[in-house]
Amino acid sequence: MTLRIGNASGFYGDRFDAMREMLTGGELDVLTGDYLAELTMLILGRDRLKDPGAGYARTFLRQLEDCLGLAHERGVKIVTNAGGLNPAGLGDAVRHLADRLGIPVRVAHVEGDDLTAAYPGSLAAHAYLGGFGIAACLRAGADIVVTGRVTDAALVTGPAAAHFGWEPGDHDRLAGAVVAGHVLECGAQATGGNYAFFRDGDVRRPGFPLAELHEDGSCVITKHPGTGGFVDVGTVTAQLLYETQGARYAGPDVTARLDTVRLAQDGPDRVRIEGVRGEAPPPTLKVGLNKLGGFRNEVVFVLTGLDIEAKAALVREQLEPALGKADDVRFELVRTDRPDAPSEEIASALLRLVVRDPDQEVVGRALSGAAVELALASYPGFHVLAPPGKGSPYGVFEDAYVPHGAVDHVAVLDDGRRFPVPPPQDTLVLDDVPGPPLPEPLPSRPTRRAPLGLVAGARSGDKGGNANVGVWARSDDAWRWLAHELTADRFRELIPESRRLKVTRHLLPDLRALNFVVEGILGAGVAAQHRFDPQAKALGEWLRSRHLEIPEALL
């Protein structure tokens, strides 16, 4: 018995037509939509400040207006976390939509994640719930289930538990569903999107992924026939490594052991995942705290031609008196210029100034006035990419942890009945998994200095203020070299901004992969925009571009 679960959204703002494409492209039993991320919760929190009835992903409602009839005709259940900060409100909006369209569907929602009242000063504080609230809704006959902050994988574990009759103690089966959900959650990232070796296939418009899930927790990752992109062991490996840490991938339902995952190509655009082992979940739930951190402003000065360093120094000296009161002032000179350039753009460098402070006046009028006044009184060729504004609010993200019993996890059915979801009876404190042995090193061979990316792929992402970089090899010999060569110390050498930070390396031999966690590189999280690439999306590609001595036989 196979359960076919597809995904039509990896973030709030993903391809609008994906829901229709997934419903019309082939067979499905369940269609999920993942709309939430740390930054999204902050955005929705600000929406709710303006309108207490807001706080959910309005895009989902517009997609559903176009596709609700299709889903009903084809018997496809829809499960989504688009409820955000207001799942009950979105549930009511879906019911009104269904009534207006004359489509008889039962809409349930899951609540209990909102802990904002317990964290004064937070704009939004939400616990990451598991999938058993979703399962309770589906078992009671819901056609559409709307949630707030659940784990991304819960959108798959919930339907799987309902379909196969899994219970909280079925750790291996649940862990298999968690891994499937993690592969699906970011949409086209599993089908060639954002993929290190994107030239291996046509990724101009990749299709969205689906999982053929089996009762034992194993699955096949694939996509609808005729859709773009491709699914192979590499695309699935890349997504498995995305935003993870060590061998234990913890969640509220189960801790999945990523060091037990086995992948195999099962035909064109089909990758089998099996062997996943699970353990009892940790005794606490993660809570994501979103707060307003203050105000920020930014201006980018264009420096063209000769004397770039001196021009940058002049601007800094001229602006420093006006910026003396600001909490945080950062200048960054980006040397995009080249000598004897054939165009003015190629002859230009960028000096980026970012200012943060709790007072909007400090980052607004003070900065914009001082910068504009330099227009005729600074370096030759003075201009900026855009004039500075009055400053905008920025957010910070923090983690907290509470016991499972601290949340009232409730499934709310279409008729208003409420079913409490009990916390797991068995839990297990998270400990580091002992590191596996290294593979045998390659025998000494001639080497050539070349980019790491010629023999390894990478994908990187953010978790609060930390970043992870997953790196994997495409052959056994490349893995033997990579495991010995790319140590945490070598990582720090290749990524200079990590040299003063804690970098932890985890080995995943069955995936021929290393996973690096860089603590604090993103400051207070994506909403704080601490660095040029605030979500570390391209950190892995920067790493792949760095040069090492690589055995010639691998090139």
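Note that these values count all heavy atoms, side chains included, but never hydrogens, waters or copies made by symmetry. Counting begins at 1 with the first residue of the sequence.
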Do Asp216 and Arg173 sit within salt-bridge range, that is, some charged N less than 4.0 Å from a carboxylate O?
no
Answer yes when Glu552 and Arg445 have at least one side-chain N-carboxylate O distance shorter than 4.0 Å, and no when they do not.
no
Glu493 atom CD, over 12 foreign heavy atoms within 6.0 Å:
yes
Charged N to carboxylate O under 4.0 angstrom, Glu440 versus Arg480?
no
Pairing of Arg149 and Asp113 as salt bridge, 4.0 angstrom limit:
no
Other residues, nucleotides and ligands only: do more than 12 of their heavy atoms fall within 6.0 Å of CG on Asp202?
yes
Salt-bridge test for Arg270 and Glu212: reply yes if a basic N is under 4.0 Å from a carboxylate O, no otherwise.
yes
Using a strict threshold of under 4.0 Å (side-chain N to carboxylate O), is an ion pair present between Glu345 and Arg338?
no
Using a strict cut-off of less than 4.0 Å between a Lys/Arg side-chain nitrogen and an Asp/Glu carboxylate oxygen, indicate whether Arg15 and Asp17 qualify as a salt bridge.
no
Counting only heavy atoms not in Arg277, do more than 12 sit closer than 6.0 Å to its CZ atom?
no
SB check Arg330 Asp328 (cutoff 4.0 Å):
yes
In terms of side-chain geometry, is the basic nitrogen of Arg4 or Asp29 positioned less than 4.0 Å from the acidic oxygen of its partner?
no
Heavy atoms from other residues, nucleotides or ligands near CD of Gln265 exceed 12 (cutoff 6.0 Å):
yes
Tyr56 ring centre to Arg58 NZ or CZ under 6.0 Å, with the angle to the axis within 45°?
yes
Salt bridge (Lys or Arg N to Asp or Glu O under 4.0 Å) assessment of Arg546 paired with Glu541:
CA-CA 9 Å; Arg546 299 308 307 270; Glu541 286 301 293; over 6 Å; no
Using ring pair (Phe, Tyr, Trp, His ring centres under 6.0 Å), reason through Tyr195 and Phe230 one step at a time and then give a plain yes or no.
CA-CA 10 Å; Tyr195 182 50; Phe230 59 100; 5.8 Å; yes
Will you find, in the side chains of Asn466 and Glu519, an N or O donor that is under 3.5 Å from an N or O acceptor?
no
Using the six-membered ring wherever Trp is involved, compare the ring planes of Phe491 and Phe516 and label them parallel, tilted or perpendicular (cut-offs 30° and 60°).
parallel
Indicate whether any N or O donor in one side chain lies under 3.5 Å from an N or O acceptor in the other, for Thr447 and Glu549.
yes
Flag the pair Arg356 and Glu298 as a salt bridge only when some basic side-chain nitrogen lies within less than 4.0 angstrom of an acidic carboxylate oxygen.
no
Does the cation-pi check pass for Arg474 over Phe197, that is, NZ or CZ under 6.0 Å from the six-membered ring centre and within 45° of its axis?
yes
